[in-house]
Amino acid sequence: MSTDLVPLAVLMFLATYPSRALGLLTPGLERLPKGAFDYLQLVGPAALATLAAVSVMVVTDASGAPSFHIGIEWVAVLGCLAVVAWRRNLLLGLVVA
């Protein structure tokens, strides 16, 4: 296993973690207007959901060209969305997925 990409991973962590953690770790955010507070609380989960969606929806072929993919993974995504919308419980939705 090559470690060539470790510095890049650390750099990306330093560049993206503060924006994802801002809504969770900053004290006094509850004094913000409700819309701003809700937005900051959801930045981290939205970023992670985006990364997961790209992993499920986009594949690369042998030539390296990306393409849209529909496969069995979509059943898990749709199952998770349905359970979360129905029960309002993210953990249960992730277990179903």
Is it true that [X] and [Y] fall in one hydrophobic cluster, defined by side-chain heavy atoms closer than 4.5 Å?
| X | Y | value |
| --- | --- | --- |
| L90 | L81 | no |
| M12 | L51 | no |
| V84 | V95 | no |
| I70 | V77 | yes |

Selection residues 65-85 - residue pairs positive for side-chain hydrogen bond (donor to acceptor under 3.5 Å, both in side chains), sequence neighbours left out: H69-E73

Atom CG of N89 and atom CG of L94: how far apart are they, to the nearest 0.5 Å?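 CG of L94 is found 9.0 Å from CG of N89.
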
Considering all heavy atoms, the nearest P7-T3 contact: CD-O, 3.8 Å

Can you find a pair of side-chain heavy atoms, one from V96 and one from C80, that are under 4.5 Å apart?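 No. Closest side-chain heavy atoms not under 4.5 Å.
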
Given a cutoff of under 4.5 Å between side-chain heavy atoms of I, L, V, M, F, W and Y, with clusters grown through shared members, what are the other residues clustered with I72? V75

